[in-house]
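Presented below is the structure to which this report refers.
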Amino acid sequence: MRRRGRLGILLGIVVALPWAMSCSGSGSASVAGMGRLELHLTDAPLDLSGVAGVEVTLDAVTVYSGVEEMDGTDTAPIVVMDHPATFDLLTLTGGASALLASADLPSGFYQRIRLSITAASLRYDDGHEVDLKIDSNKVDIPIRFQVTAGGTTQVTLDFQADASVQVNGTAAGDYILRPVVTPV
C-alpha cells in the first residue's frame with residue numbers, strides 16, 4: 001500500500017509539473033506555444049513631380065513585447081529580419097504591398113516594431129538618382145498586436161514616403177528621409 005501511495009504522489013507531480021511551470025507568471029511574451037507573424041509594407045502615393053521611385057533599404061526588423069520580467073527588465077526583443085532588403089515604395093501604392101518579414105514568435109502581446117534603415121534614394125524620371133540623408137537609422141512604430149499559438153498574425157505598415165521625404169531648407173536641393181511609418 002505504501003508503494004502505491006508513493007507512486008500516486010510521484011504520478012501526480014509528473015502530471016502537475018508542466019501545468020505549474022506554464023502558470024509560473026514569468027511575464028514573458030509567451031503564453032503557450034508559437035504563432036506566425038507576417039509583416040507587410042505598403043505606401044500611399046508620393047506627390048513629387050518627376051520622381052519615378054523612392055527606394056529604402058532596411059537591414060533589420062525587431063519586435064518588442066514590452067512585458068516586464070519578474071526582475072523589472074523588459075523581455076528580450078526578437079529580430080524577425082536581419083538581412084538587407086530594398087523596397088521601391090512607389091511600387092507599393094494603390095493597395096499593393098510587399099512581404100517585409102515573417103517569423104515564428106512566442107504567442108502573446110507585442111507593443112512595438114523597430115525598422116533599421118541603412119539607405120534611401122530618389123530615382124527621377126530621367127534615370128538619375130539622389131541619395132537621401134537619413135536623420136535616424138531607426139524608426140519605432142508603436143503598435144499593439146497579438147500573436148496566437150498556432151495562428152498567423154498579419155500586420156501591414158504604411159511607410160509614408162510623401163511625409164518622409166523632405167527638402168532641407170538650409171542646403172539647396174538636399175533631400176532628407178525622416179521616416180514616417182504607421183500601422184494600417
Side-chain angles (χ1 to χ4, degrees), residues 29 35-66 74-105 108-148 151-184:
R36 187 127 189 100
L37 172 65
E38 292 182 355
L39 288 173
H40 297 269
L41 195 62
T42 191
D43 182 33
L46 178 67
D47 188 20
L48 284 177
S49 62
V51 175
V54 178
E55 292 187 352
V56 175
T57 302
L58 306 170
D59 72 346
V61 178
T62 308
V63 297
Y64 296 81
S65 72
D74 284 338
T75 56
I78 301 171
V79 177
V80 295
M81 185 199 58
D82 64 353
H83 60 276
T86 301
F87 300 90
D88 183 349
L89 298 177
L90 294 189
T91 65
L92 302 177
T93 61
S97 68
L99 182 63
L100 174 59
S102 64
D104 292 324
L105 301 177
F109 290 93
Y110 293 84
Q111 307 292 328
R112 177 170 49 117
I113 298 172
R114 173 176 283 171
L115 305 179
S116 176
I117 304 166
T118 57
S121 64
L122 288 176
R123 188 178 65 255
Y124 288 94
D125 289 335
D126 64 7
H128 82 279
E129 285 191 26
V130 174
D131 289 333
L132 298 173
K133 294 180 181 180
I134 303 172
D135 264 2
S136 173
N137 289 57
K138 295 183 182 1
V139 60
D140 287 329
I141 303 118
I143 177 175
R144 184 172 167 85
F145 62 94
Q146 181 180 10
V147 174
T148 56
T152 299
T153 300
Q154 294 193 16
V155 174
T156 301
L157 302 175
D158 182 1
F159 198 120
Q160 298 175 17
D162 59 338
S164 299
V165 178
Q166 301 172 0
V167 178
N168 186 351
T170 61
D174 283 347
Y175 287 96
I176 298 173
L177 181 74
R178 291 188 176 108
V180 177
V181 183
T182 57
V184 175

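Every value quoted in this text rests on a predicted model; they were computed, and no experiment measured them.
Put simply, CZ on R112 and CD1 on I141 are 10.0 Å apart, with the number rounded to the nearest 0.5 Å. Once rounded to the nearest 0.5 Å, the distance linking CG of D43 with CG of L90 reads 6.5 Å. Summarising the geometry, atom CZ belonging to R178 is positioned 11.0 Å from atom NZ belonging to K133; distances are rounded to the nearest 0.5 Å. Atom OH of residue Y124 and atom CD of residue E129 lie 11.0 Å apart, to the nearest 0.5 angstrom. In this structure, OG1 on T57 lies 9.0 Å from CZ on F87, to the nearest 0.5 angstrom. Taking CG of L105 as the start and CD of Q146 as the end, the distance is 12.5 Å to the nearest 0.5 Å.
Side-chain contact of S116 with D59: a donor-acceptor pair under 3.5 Å is present, judged by distance alone. Between the side chains of Q160 and T182, at least one donor N or O sits under 3.5 Å from an acceptor N or O.
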Problem - Test side chain to side chain contact (heavy atoms under 4.5 Å, CB included) applied to L115 and L100, step by step - result: CA-CA 10 Å; L115 305 179; L100 174 59; 3.9 Å; yes
Exercise for the section: May I have the step-by-step check of side chain to side chain contact (heavy atoms under 4.5 Å, CB included) for L157 and T42, ending in yes or no? Expected result: CA-CA 6 Å; L157 302 175; T42 191; over 6 Å; no
Exercise for the section: Apply side chain to side chain contact (heavy atoms under 4.5 Å, CB included) to L177 and V165, showing your working. Expected result: CA-CA 5 Å; L177 181 74; V165 178; 4.2 Å; yes
Practice task
Would you sort out whether F159 and L92 count as a side chain to side chain contact (heavy atoms under 4.5 Å, CB included), showing the intermediate values?
Solution key: CA-CA 9 Å; F159 198 120; L92 302 177; over 6 Å; no
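In terms of heavy atoms, S164 sits closest to V180 at OG-N, 2.8 Å. Of all the heavy atoms in D125 and A52, the pair that sits closest is OD1-CB, 3.4 Å. For V79 against M81, the heavy-atom pair with the smallest separation is CG1-O, 3.3 Å. Of all the heavy atoms in I117 and P179, the pair that sits closest is CD1-CG, 3.4 Å. Smallest separation of non-hydrogen atoms from P77 and T62: CB-CG2, 3.5 Å. Looking at every heavy atom in both residues, S65 comes nearest to Q111 through O-CG, 2.8 Å.
No donor-acceptor pair closer than 3.5 Å links the side chain of T118 to the backbone N or O of L58. Judged by distance alone, the side chain of D88 and the main-chain N or O of V54 form a donor-acceptor pair under 3.5 Å.
Contact annotation: the side chain of V56 never approaches that of T86 to less than 4.5 Å [non-hydrogen atoms, C-beta and beyond]. Taking 4.5 Å as the limit, some side-chain heavy atom of L37 sits within range of a side-chain heavy atom of F145.
Tested against R36, the residues T148, T152, T153, D104 include a single side chain to side chain donor-acceptor pair (under 3.5 Å) partner, D104.
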